[in-house]
Amino acid sequence: MTAPTLTAKDFTSDQEVRWCPGCGDYAILKAVTKTLAGLGASREDTVFVSGIGCASRFPYYVSTYGFHTIHGRAPAIATGVKLANPDLDVWVVMGDGDGLSIGGNHTLHVLRRNVDLQLLLFNNEIYGLTKGQASPTSRLGTRSPSTPRGSVDAPLIPGAFALGAGARFFARAVDIQQPQLVEVLTRAHQHRGAALVEIFQNCVVFNDGAFHEFTERRVIPDNQIYVEHGKPLRFGANRTHGLRIRPGTLSLEVVTPGEEGVTDDDVLVHNEKDQALATLLVRMAPPVFPMAIGVIFDSPAPTYEHVVLDQVTEELQAGKADLDALLAGGRTWTVL
Amino acid sequence: MTAPTLTAKDFTSDQEVRWCPGCGDYAILKAVTKTLAGLGASREDTVFVSGIGCASRFPYYVSTYGFHTIHGRAPAIATGVKLANPDLDVWVVMGDGDGLSIGGNHTLHVLRRNVDLQLLLFNNEIYGLTKGQASPTSRLGTRSPSTPRGSVDAPLIPGAFALGAGARFFARAVDIQQPQLVEVLTRAHQHRGAALVEIFQNCVVFNDGAFHEFTERRVIPDNQIYVEHGKPLRFGANRTHGLRIRPGTLSLEVVTPGEEGVTDDDVLVHNEKDQALATLLVRMAPPVFPMAIGVIFDSPAPTYEHVVLDQVTEELQAGKADLDALLAGGRTWTVL
Amino acid sequence: MTMSAAGSEAVRERQDSVVIRFAGDSGDGMQLTGSQFTVESALAGSDLSTFPDYPAEIRAPTGSTFGVSAFQIHFGSIDVLTAGDDLDVLIAMNPAALITNLRDVRIGGLVLVDSAVFTPRNLEKAGYSANPLEDGTLVQYRSLVLDMTTLTQQAVASCDLTSKEALRCRNMWALGLMLWMYDRDRSATIEWLGKKFAKIPKIADANIAALNAGHAYGETVELPGGLTGYAVGRADLPPGTYRTVSGTESLAWGLVAGLRAAGLDRLMFGSYPITPASPLLHVLAGLRRYGVVTFQAEDEIAAVCSAIGASYAGALGVTSSSGPGIALKGEAIGLAVSTELPLIVVNSQRAGPSTGLPTKTEQSDLFQAMYGRNGDAPLAVIATATPTDCFEVGIEAVRLATKYMTPVMVLTDGYLANAAEPWLLPDTDGIPEFPVTQRKDPEGFHPFVRDPETLARAWAVPGTPDLEHRIGGLEKSTSSGHISYDPENHQQMTNLRAGKIAGIAKDIPLQETALGEATGDLAVVGWGSTFGPIFKAVASAREKGLRVSHVHLRYINPFPQNLQELLAGFSKILVPEMNNGQLVSLLRSAFLFPAQGLSKVTGKPFKISELVAAIHAQLEDSA
Amino acid sequence: MTMSAAGSEAVRERQDSVVIRFAGDSGDGMQLTGSQFTVESALAGSDLSTFPDYPAEIRAPTGSTFGVSAFQIHFGSIDVLTAGDDLDVLIAMNPAALITNLRDVRIGGLVLVDSAVFTPRNLEKAGYSANPLEDGTLVQYRSLVLDMTTLTQQAVASCDLTSKEALRCRNMWALGLMLWMYDRDRSATIEWLGKKFAKIPKIADANIAALNAGHAYGETVELPGGLTGYAVGRADLPPGTYRTVSGTESLAWGLVAGLRAAGLDRLMFGSYPITPASPLLHVLAGLRRYGVVTFQAEDEIAAVCSAIGASYAGALGVTSSSGPGIALKGEAIGLAVSTELPLIVVNSQRAGPSTGLPTKTEQSDLFQAMYGRNGDAPLAVIATATPTDCFEVGIEAVRLATKYMTPVMVLTDGYLANAAEPWLLPDTDGIPEFPVTQRKDPEGFHPFVRDPETLARAWAVPGTPDLEHRIGGLEKSTSSGHISYDPENHQQMTNLRAGKIAGIAKDIPLQETALGEATGDLAVVGWGSTFGPIFKAVASAREKGLRVSHVHLRYINPFPQNLQELLAGFSKILVPEMNNGQLVSLLRSAFLFPAQGLSKVTGKPFKISELVAAIHAQLEDSA
Ligand SMILES: Cc1ncc(C[n+]2csc(CCOP(=O)(O)OP(=O)(O)O)c2C)c(N)n1
Ligand SMILES: Cc1ncc(C[n+]2csc(CCOP(=O)(O)OP(=O)(O)O)c2C)c(N)n1
Ligand code: SF4
Ligand code: SF4
Ligand SMILES: [Mg+2]
Ligand SMILES: [Mg+2]
């Protein structure tokens, strides 16, 4: 008897969704439930763990197991879930404040350790739930209640941070670009190990249009590049542009094959195993470069909990250990 | 009247040094006091802030101001020191556990914000003070009291982490290679903004010889490359080897000019402003590559506290603000 | 008794005080409406107290019950100390606002609703199975059912608005009617609308037109049930210049005033956003001209650490958060205790445990303030009682922190952070100064040399020649300040730390009763934002001849020197708290009095009536 | 009376119990020496108690006072419960060891020193201005001044060692002499040396040679002052198989035994190293075969969070730290309280506040255990009294955490973590089982349905079909488990959380006295590692006819049901604590008894004599 396949709707919980009307989180919720259905996931083996923030309300709206924890700690809690039961399929939902400000260290270490989790970073470049303060990804000069004259600290680039931390998977997607988002989520799931997905998420209330520069329909072709392993890094209406290595350097440049002696062959082919390429791709941003979307880096390594639990299993195979033997393990003596 | 110039000895405090005999920390202490003397630093304007660990005992041994704080929090406390008084010259001393495990998030954000601090990371790849547990920089397979079967989590590469965090300065040195260490510390001091220096520090008790692969006298020429801005990236006895960009790729390779058609000109010239180059240099390690030592990246940007305090000063220039005006600033009415 | 509208004119009934609540969707502008009603009432000479109640969601779906936003004002010619127990008037802009707020209206209270929005869809969203305007739900109230939508649309018809924009003016129409009803002026509101919408004059005009129309409606249309409008007299307030102030503003300004009084140049405020503490960050972020530097840290630990670093470097370090964030600061606060640095920690308490009810008020972090650190780590704990009291507490926190070189925990709460009341502007020249001396003299210096009277150690700041020294969280020698593992020294230092905080008792006012004699049958002992309801309840009980007094503590650690003696003068002690019994536990332990707790943890302030009942119960017990 | 050595043979004097301390440089091997003396004493049938005292520095410079490492053993034919007040014997391997330890030797006690190392340079390092072997410093002791260096070198002369290696055998020479002096066997030590140095036989041989030489020296040389060696009889221990066990080991094994008794497969231990808690991590890291997974997290917050995540996923989540680390865990522990998940938090307390004295013991985190969280966040608090008691407490922690779905704080301390005593191996089959049921049945399920008796919510674990649900730190509806902002519901949940913990009182043993009648003139109430000294002090006072009893609490929250009644039977209550008065404050608050605290915070355990004096003072007061 095979379990009936579940639809996206089956992954929707009975709870009323409480994000602001128009919030990008709705689109992400839709894509995630669709992805789960597409993956043939089971409700009982799937767990969503989140911190605190608008994004972190996510688990309530999915019909799987869910744990809405405390601000910034979801990666640490999810690590414990996996060490207790590695068979669970664990998704972590974090806001940019949650995952990169208060929770930055846990994100760092979960990536370094390579715990098998899908980590979804809902990046709206603002603190939503606490009403609009600047976040670690807010652009320089962001005016907010806590930075009335504009923020002065350089934003973190989540992809650069992740690769610096030793992440083995990094991808990007846009909330409302559903097919790509589903594709990227599916790939993150396929990846064994910590898979960080940065999702550009529009906060209509406190940071509306933060990503318009590359997400508005008319600018997508020129200001986004959807990267696919083994395919040339091309973009633009009619894919007129491409990226190549600026000859003799370690940097990329935008070229137009057919112009100035540049040929199609000069255009770099995306290699998702190339960490150096990934590092350059994640730092690209309009207006000079298109924003890279898609699976930027995917190069699996052994996962933390599997290595740990293999060691445990190995030792357990010796049979259920004897408690008495443990207690009497040192030097003993007998009183008659 | 000019202040008398102080010697390295003048920067030594009267406290008995309590590291294990032979610990690399002694060499670093020596280099730091020498650097301070060389810089013509003043005792009263210099502050050492540290967390907890063997390394963090450092402030007690320097005759300047010093604050031995709590585990992992030195960067955050130092940020407060600078916001209170940006004229102070603040050095932060951290162990690898202190600065990258419990304190990883503060290190991350102090680098991102670019607070004007010299951050010295004493990396001995182990927890010294708590008697030898694996640290986030311990190599895979490190056997320690907490990892009796060998550690299974991939180590963090401090340089990769720092560059991913947006650091504007990263350098490396070896505890006992004094002239280079002094040079690097001096450069870190010259840099305005957060300057992270990773110092390979030998823990004789719990991780003796961790860096022998590239610090033993006989292997230094082949297994270290001392990078200098504007100079070719050459190493080896008689500088026979060099680094070049593997043609058509974003990676480096070791070459021997004169062999296999490689010329001197193929050897890459170090550019300390090139972030991509820095990212590749920090990831190099023996046996395939030499370990890069020296100033790997130095590309200044406005410092956090200066921008903040400029804003404050600007507003203060309007004259001492009137408290009554503040209180009566809203809508008022009068009761007779 | 449901009524329908018709025009007429009549004489105004006098009322001593009125509690009115504007409730509607988050998008209905209820906070602005309430604030403007407050301004006009204040200008008309009322005493008042306000309490905004935001939804937990940022912007919930229109029409949902959890998206209802409310603003309550209690105003009158009497001494107003609370936002009011029960509502005299509820303005409910939609069915969700009605269903969530109706239970708070007193029987016979007035309920104003817009009939146009009671559509089947809206009723369903609110969870009504039948239309409450028709099924007798409102029978025990005076209801005023008006088609406000149409009335507003008519009023703004000439302004060339989209229908959405037109509907946005409903709140001003309702405000106009209320201003008429309580005989308040409109000019401040008109002026404000002009400024607010200066860039879109047609919106300004429309809002003003709606406001005027609402007002005119009251004047010209004969309201049903003989509703004629009320007259609320001027309160008997001391003469002077007033403004309304929220607890947040007043605390921020108190800190700045304290900074001045201490003669310090810079206040470094390190914080991380959290409800309901963030507003303090926001207010202080605008006070650069007063020497305030704000730092939004990566987390609460970094926030408190930055404040400690700033104090170490000679500025006044202040940090602030709410319960969960304060929990994170515990270890670092211990460092400040151990290194004896001035530090102010403000806790805007909210309902716990854990994330709890972030937007609801509670007083359940007192234990954490006292004990939420490892080791014996005493510090000063003081609490704010009313929005205006926050100003004085802010100053006092600075005084204690700098004079005693100690962390001071300031306990306020979500209610006080948002509530507002009129404030007689203080004479800032009259604020006593307490100039801080930072050590300059190397003679006999070591970092833990103490003032023999206060037991405060010297504040020697980096940058000062010849005072270079090292401090840290390890135990220090009493005689040199160096690290000391000496057993007896640790005992001495532990005693010194405890003694220093205990000694503050000599330097704070003796405890007085807030109301009533210094002896009696019952002392009602409170702290924090319960001041208003306790005071009013005790007053009411006293009017009935009961020998009850109100004792309200600003100083919780240490207690005032005479507190034991004062409380000994009462046969019974009742300690109402918005927690499960925390101050009462401290009092029992300190004095061994059989004090009884009265706990309320519903996220809402005590009602006067609840306290009156508890007082009566106590005294009947003993009778 | 300084004596010089000469050979002879004589009759052994009997002694009931002896306190002996080996002290020397960190590199002198004192911990190993002490451990071997312990083994031989245990095998000889003594009861005993040991206490190692490490320096704070990892490896301080040779000869420095702060680098002195010591190991104390109290052994005897009597019931030994403490490591001993004063030393009968001090072995001081260098001047630094002498200067730092001499004050603990009782007058007339024996001091053994190696004359060869009292060089001017070593004396200076230790801070001696004159040679204590010559200036009368030792006059009130029996001193045994031997050239141990030369004697050792002679003993190992044939072993082909470097002179450094030869000197390393001094500790075995001293051990040999002590084993002779107390008539202990050497064979276990010889066996152990053979194993330890199996790979370098010459080192094994040399150590054995030194050991034998030390022993032979006692046998053959006539010791000065008629020192003839002693006989310490066998203790009257219940029959069975024994081993020595430290508090750390016993707690680790207790947790494993609890896991078994609960019928759970996996214990997930998330921790971050810190003195003196790390050894628990180290011991558990070796117990994979028993279903233990250890996780060294990036910090204490991640450590407790991983344990919470593990419990959520159906394993037993355990975390451990010392004071500063526990402070960091407060917020997350609140989450476990709010989500009602089983969680064990072990605090190996050390001297605070802040970093304090990391290697010294204290009991000052009781307040933090009770209250170190935001909101009203009650949890169970239990404490370990002796090294072997840790085993039972470990099991009990698992029982309470899983049965009541609550965090349990286990308080132990630096003394207990390192101290060891003989342990009659328990019959593991006799450990009562308490199988945990994880919910499987979807019928009527919601995540906060409760067992009506225990008030525990259901433990429904991810992976279970049809029980999918969401939990979190926001307040939950009592009737559905969904988020609830309802005011009354929050009151109910607050009461439920408090009631659940209070209800544990019905499920724990009634409090008995550890010694003495259930009524009397004085109850000495203790908790934690003060058990030994209090018990002995009370015993001593009782021998003098005083009506005093010892009450020792394992359960601090909740208190046992009969505690109030029991304490009411005493005229006075004295509460000795290694803190500034924490349990005494809880007792006063709970019961309004005028209990008096007795505080000692020197980083050292109470001496029996100090407690005896305090007991007498209490009873004289009242006379
Ligand atoms: C310990 C703690 N600190 C602070 C908060 C307050 N807080 C809740 S969510 C949040 C940040 C929200 O921003 P983000 O993580 O970007 O999520 P978003 O709301 O934008 O989805 C903060 C600061 C908290 N709940 N707990
Ligand atoms: C909050 C807290 N957690 C843990 C500790 C214990 N601790 C002290 S130092 C240290 C790590 C030491 O390693 P590292 O930072 O690499 O410094 P090192 O001793 O190697 O120089 C730890 C875990 C502490 N003091 N405080
Ligand atoms: S505040 Fe922003 S992120 Fe939060 S729910 Fe509203 S739109 Fe979404
Ligand atoms: S333990 Fe290691 S790092 Fe620490 S002082 Fe000793 S040698 Fe140095
Ligand atoms: Mg965000
Ligand atoms: Mg280290």
Side-chain angles (χ1 to χ4, degrees), chain C residues 56 66 301 322-328 330-331 334-335 337-339 349 351-358 360 362 364-365 367-368 370-377 472-475 485 487-488 490-491 494-495 497-498 579-580 582 585-586 588-590 592-594 599-604, chain D residues 56 66 301 322-328 330-331 334-335 337-339 349 351-358 360 362 364-365 367-368 370-377 472-475 485 487-488 490-491 494-495 497-498 579-580 582 585-586 588-590 592-594 599-604:
Chain C
F66 54 88
I301 301 176
S322 184
I326 300 289
L328 289 168
E331 190 210 3
L335 176 67
V337 169
S338 170
T339 52
Q349 298 166 95
S354 194
T355 311
L357 296 169
K360 303 297 171 193
E362 204 162 276
S364 52
D365 293 345
F367 276 155
Q368 177 175 256
M370 293 289 296
Y371 301 130
R373 295 163 293 286
N374 58 300
D376 290 304
L474 287 165
E475 189 60 286
Y485 292 102
E488 289 317 317
H490 179 51
Q491 180 84 53
T494 301
N495 297 349
R497 283 184 288 262
N579 62 43
N580 217 1
Q582 302 193 0
S585 161
L586 301 182
R588 287 167 62 98
S589 169
L592 299 176
F593 293 140
S599 157
K600 177 174 183 180
V601 283
T602 62
K604 301 193 163 198
Chain D
F66 54 87
I301 301 176
S322 184
I326 300 289
L328 289 168
E331 190 210 1
L335 176 68
V337 169
S338 170
T339 52
Q349 299 166 95
S354 194
T355 311
L357 296 169
K360 303 297 170 194
E362 203 163 277
S364 52
D365 294 344
F367 276 156
Q368 177 175 255
M370 292 290 295
Y371 301 130
R373 296 164 292 285
N374 58 301
D376 290 303
L474 287 165
E475 189 57 286
Y485 292 102
E488 289 318 318
H490 179 51
Q491 179 85 53
T494 301
N495 297 349
R497 283 184 288 261
N579 62 42
N580 217 1
Q582 302 193 1
S585 161
L586 301 182
R588 287 167 62 98
S589 170
L592 299 176
F593 293 140
S599 157
K600 176 174 184 180
V601 284
T602 62
K604 301 192 163 197

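Labels below follow one simple rule: chain letters A, B, ... track the order of the sequence lines, proteins then strands, and each chain is numbered from 1.
Contact tally against chain C (heavy-atom pairs below 4.5 Å) for D:Gly352, D:Pro353, D:Gly372: the top residue is D:Pro353. Among D:Leu586, D:Asn495, D:Leu474, the residue making the largest number of heavy-atom pairs under 4.5 Å with chain C is D:Leu474. By number of non-hydrogen pairs under 4.5 angstrom with chain C, the leading residue of D:Pro358, D:Pro324, D:Gly325, D:Gly330 is D:Pro324. Of the residues considered (D:Gly473, D:Ala327, D:Gly323), D:Gly473 shows the highest number of contacts with chain C, using heavy-atom pairs under 4.5 Å.
Rounding to the nearest 0.5 Å places NZ of D:Lys360 at 9.0 Å from OH of C:Tyr485. In this structure, the separation between CZ on C:Arg588 and CZ on D:Arg588 is 11.5 Å, given to the nearest 0.5 Å. Atoms CZ and CE, from C:Phe367 and D:Met370 in turn, are 7.5 Å apart once rounded to the nearest 0.5 Å.
Across all their heavy atoms, C:Gln582 and D:Gly375 have their closest contact at NE2-O, 4.3 Å. Nearest heavy-atom pair across C:Phe593 and D:Leu592 is O-CD2, 3.5 Å. Nearest heavy atom pair, residue D:His490 against residue C:Gly603, reads CD2-N, 4.3 Å.
For chain C, the nearby part of D:Glu362 is the side chain; its heavy atoms alone come within less than 4.5 Å. In this structure, chain C has heavy atoms under 4.5 Å from both the backbone and the side chain of D:Ser599. Contact of D:Phe66 with chain C is not made at all, since no heavy-atom distance falls under 4.5 Å.
In terms of modelled atom types and a separation under 3.5 Å, the side chain of D:Ser589 and the main chain of C:Ser585 share a donor-acceptor contact. Looking only at distances, no side-chain donor or acceptor of C:Asn580 sits under 3.5 Å from a matching main-chain atom of D:Asp376. Here the side chain of C:Gln491 pairs a donor or acceptor atom with the backbone of D:Val601 at under 3.5 angstrom.
C:Ser354 pairs by the side chain to side chain contact (heavy atoms under 4.5 Å, CB included) definition with A:Ile70, D:Leu335, D:Ser338, not counting sequence neighbours.
Using a 4.5 Å heavy-atom threshold, the side chains of D:Thr494 and C:Asn579 count as separate.
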Show your working on side chain to side chain donor-acceptor pair (under 3.5 Å) between C:Asn374 and D:Gln349 and close with a plain yes or no. CA-CA 9 Å; C:Asn374 58 300; D:Gln349 299 166 95; over 6 Å; no

